[in-house]
Structure formats: structure tokens, C-alpha cells
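Worksheet: one structure, shown below.
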Amino acid sequence: MAIIITDECINCDACISECPNNAIYEPAQEWAYADETALSGTVKLPSGGEVDADAQNDPISDEFYFIVPDKCTECKGFHDEPQCASVCPVDCCIIDENHIETEAALLEKKAWLHGE
């Protein structure tokens with residue numbers, strides 16, 4: 001699974017520094033797979049397909065902090081629980097039912113992101 005930030009977000013900035021995968025971005029911020037990861041150039045996504053890891057992508061939200069699902073591992077391999085959810089003062093970091101993944105898939109994604 002991935003975590004999603006709901007529209008209850010108050011843009012407090014508590015979650016962004018907690019993410020070990022740099023999957024959380026400020027509202028209206030472009031993002032790239034390569035941001036704070038080992039990825040560079042053309043890479044194959046764990047879910048299939050290829051992307052340019054260095055390419056800038058459009059923001060997922062213009063109003064609230066957002067999480068890139070392909071970079072979220074729910075902190076598996078780093079922590080016992082998602083750190084964004086543990087520090088969120090308004091409990092707006094929740095499971096994203098549209099991106100369900102097994103623990104094995106999340107650990108594989110962690111290894112992919114960090115070149116392990």
C-alpha cells in the first residue's frame with residue numbers, strides 16, 4: 001500500500017522530513033523519481049513500464065502536501081510504522097486504498113529506490 005494525504009492537511013511540514021524515500025512533496029511542487037534516491041536516467045518501474053527518473057513530473061496536488069505512490073513504501077525496511085502518519089497532528093496521512101501492495105512489494109520498492 002501507499003499512504004495518501006487527505007484534504008484535511010494543514011500544510012504544517014511535519015511529515016516531509018520524516019519520509020526516508022523523499023516521497024512527500026509540498027503543494028504545487030514538481031517531483032522526480034531521482035529526488036533523494038539512487039535512481040537516475042531511464043529506469044524500469046517495479047509495476048512495469050519505464051520512466052526517466054530525472055524528469056520533473058507535475059504536482060499531484062496544488063493545495064496540500066502529497067505523496068508519490070511509486071516512492072512510498074510505508075517506511076517498510078526503515079521503521080515499524082509510517083512516519084508521516086505518526087507525526088501528523090491532524091491524522092491526514094492514511095492508507096491509500098487505490099495503491100494496495102504487499103509487504104514484499106514494498107520492500108522490493110525500497111530496494112529499487114535506494115539501489116540495494
Legend entry - Asp80 CG: over 12 foreign heavy atoms closer than 6.0 Å: no
Legend entry - Validation row: Trp112, Val43 side chains within 4.5 angstrom (heavy atoms): yes
Legend entry - Spacing of Asn57 atom CG and Glu30 atom CD [to the nearest 0.5 Å]: 8.0 Å
Inset, instruction - Please check if the side chain of Gln29 supplies one atom and the backbone of Glu26 the other of a donor-acceptor pair under 3.5 Å. - result: yes
Legend entry - Distance, nearest 0.5 Å, that separates NZ of Lys44 from CG of Leu39: 14.5 Å
Legend entry - Whether Asp96 side chain and Ile3 backbone form a donor-acceptor pair below 3.5 Å: no
Legend entry - Within-4.5 Å side-chain heavy-atom neighbours: Pro27 and Glu63: no
Legend entry - Rounded distance [0.5 Å steps], OG in Ser61 versus CD1 in Ile5: 9.0 Å
Inset, instruction - Indicate the atoms forming the closest heavy-atom contact of Cys72 with Ala2, along with that distance. - result: SG-CA, 3.8 Å
Inset, instruction - Ignoring hydrogens and angles, tell me if any N or O in the side chain of Trp31 forms a donor-acceptor pair with the backbone of Asp58 under 3.5 Å. - result: yes
Inset, instruction - State yes or no: do Val90 and Ile94 share one hydrophobic cluster built from I, L, V, M, F, W and Y residues joined by side-chain heavy-atom distances below 4.5 Å, directly or via other members? - result: no
Inset, instruction - Start with the C-alpha gap between Tyr65 and Asp13, add the side-chain angles, then the distance that decides, and say whether side-chain hydrogen bond (donor to acceptor under 3.5 Å, both in side chains) holds. - result: CA-CA 8 Å; Tyr65 278 74; Asp13 201 27; 3.1 Å; yes
Legend entry - Heavy-atom pair with the smallest gap, counting every atom of Ala32 and Ala53: CB-O, 3.5 Å
Legend entry - Short side-chain donor-acceptor distance under 3.5 Å, Thr42 and Asp52: no
Inset, instruction - Have a look at Ile16 and tell me which of Asn11, Ile24, Asn22, Val87 forms a side chain to side chain contact (heavy atoms under 4.5 Å, CB included) with it. - result: Ile24
Inset, instruction - Drop me the distance from Cys93's SG to Glu8's CD, to the nearest 0.5 angstrom. - result: 11.0 Å
Legend entry - Verdict with reasoning, Leu107 to Thr73, per side chain to side chain contact (heavy atoms under 4.5 Å, CB included): CA-CA 7 Å; Leu107 290 170; Thr73 64; over 6 Å; no
Inset, instruction - Using modelled atom types only, decide if a donor and an acceptor are shared between the side chain of Lys109 and the backbone of Pro46 within a distance under 3.5 Å. - result: no
Legend entry - Shortest non-hydrogen separation from Pro82 to Cys75 and the atoms involved: CA-SG, 3.8 Å
Legend entry - Flag side-chain contact, heavy atom, 4.5 Å: Val51 against Leu45: yes
Legend entry - Gap between atom CD of Glu18 and atom SG of Cys88 - 0.5 Å precision: 11.5 Å
Legend entry - Value rounded to 0.5 Å, distance of SG in Cys9 from CD1 in Ile4: 11.5 Å
Inset, instruction - Would you mind telling me which of Lys71, Glu36, His114, Lys110 makes a side-chain hydrogen bond (donor to acceptor under 3.5 Å, both in side chains) with Asn21? - result: His114
Legend entry - Parallel, tilted or perpendicular: rings of Phe66 and Tyr25 (30°, 60°): parallel
